[in-house]
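The chain is numbered in sequence order, starting from 1. Remember, it's 1-based here, ligands and their atoms both numbered in the order they're listed.
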Amino acid sequence: MMILFVVGVLALLLVACTPSDPTANLPEGDPIRGERLFSQTINTAPACSTCHMIDGDATLGPVLTGYRERAATHGVSVEEYTYISIIRPGSYIVPGYANSMYSQYDIRLSEQQIADLIAYMLQF
Ligand code: HEC
């Protein structure tokens with residue numbers, strides 16, 4: 001009897017402590033709006049396109065071509081990887097690049113803007 005109780009409590013703890021997907025509460029993103037935001041200065045934050053290009057080389061940040069496939073290799077959902085990369089750029093560092101991404105998007109962008117940017121990036 002006691003053992004069942006212990007197992008039950010452990011199961012509850014496990015459910016309560018499982019980290020939830022940080023993107024679960026984001027509004028629905030719109031890739032068209034995301035495309036526009038990508039090349040705009042937003043709330044004094046630099047445009048993503050300052051450092052990221054769709055194609056080409058010799059940019060400050062990774063190019064977007066093949067983005068979805070690259071992002072899928074990190075053991076979290078592509079949405080979550082993208083979200084974390086935008087709000088805490090130091091969390092994952094892309095090999096070959098410095099940790100030099102602008103670091104204040106979490107306070108400069110609205111949740112809607114972040115969702116739109118994610119929707120845009122996931123197209124590549
Ligand atoms: C000042 C230059 C700079 C700006 C501006 C910038 N980034 Fe970055 N970004 C980088 C660099 C450098 C990296 C690679 C290092 C790292 O992973 O942090 C990167 C990495 C990323 C990654 C992970 C990329 C991958 O291929 O796995 C994402 C996603 C990303 N940026 C999205 C954005 C978005 C969206 C914006 C605009 C809101 C933005 N970045 C603005 C420089 C920048």
Of all the non-hydrogen atoms in the protein, which one sits nearest to atom 26 (O) of ligand 1, and at what distance? Arg70 NH2, 2.7 Å
Atoms of ligand 1 under 4.0 Å from any heavy atom of Ser85, numbered from 1 in the order shown, are 22 (C), 23 (C), 28 (C), 29 (C)
Taking atom 5 (C) of ligand 1 as the reference point, the nearest protein heavy atom with its distance: Tyr105 OH, 3.3 Å
Taking only non-hydrogen atoms of Ile86 and a 4.0 Å limit, the atoms of ligand 1 in range are 35 (C)
Quick note on ligand 1: atoms under 4.0 Å from a heavy atom of Ala47 include exactly 5 (C)
Residue Leu60 vicinity, atoms of ligand 1 by number, heavy atom under 4.0 Å: 12 (C)
To the nearest 0.5 Å, how far apart are CZ in Arg70 and CG in Leu64? 7.5 Å
Using a 4.0 Å cutoff against the non-hydrogen atoms of Pro62, which atoms of ligand 1 qualify? 11 (C), 13 (C), 14 (C), 19 (C), 20 (C), 24 (C), 26 (O)
Indicate yes or no: does an N/O atom of Val63 lie under 3.5 Å from an N/O atom of ligand 1? no
Qualifying residue, where the test is side-chain contact (heavy atoms from CB on, under 4.5 Å) with Tyr83 and the options are Leu117, Val76, Ile114: Ile114
Below the 3.5 angstrom mark, is there an N/O of His52, backbone or side chain, next to an N/O of ligand 1? yes
Take every heavy atom of Ala98, measure it against each atom of ligand 1, and state whether any distance is under 4.0 Å. yes
What are the atoms of ligand 1, with element, lying closer than 4.0 Å to any heavy atom of Tyr92? 16 (C), 17 (O), 18 (O)
Give the atoms of ligand 1, by number and element, whose distance to some non-hydrogen atom of Leu117 is under 4.0 Å. 38 (C)
Please compare Gly66, Gly90, Cys48 and report which has the shortest non-hydrogen distance to atom 35 (C) of ligand 1. Cys48
Hey, does Tyr81 come in under 3.5 Å of ligand 1, counting only N/O atoms on both sides? yes
Per atom 10 (C) of ligand 1, closest listed option by heavy atom (Met101, Met121, Arg108): Met101
Among non-hydrogen protein atoms, atom 4 (C) of ligand 1 lies closest to Cys51 SG, 3.3 Å
Would you mind listing which atoms of ligand 1 come within a distance below 4.0 Å of any non-hydrogen atom of Ser100? 1 (C), 12 (C)
Mind listing the closest non-hydrogen atom pair of Glu79 and Leu122 along with its distance? OE2-CD1, 3.6 Å
What is the nearest protein non-hydrogen atom to atom 18 (O) of ligand 1, stated with its residue, atom name and distance? Pro89 O, 3.2 Å
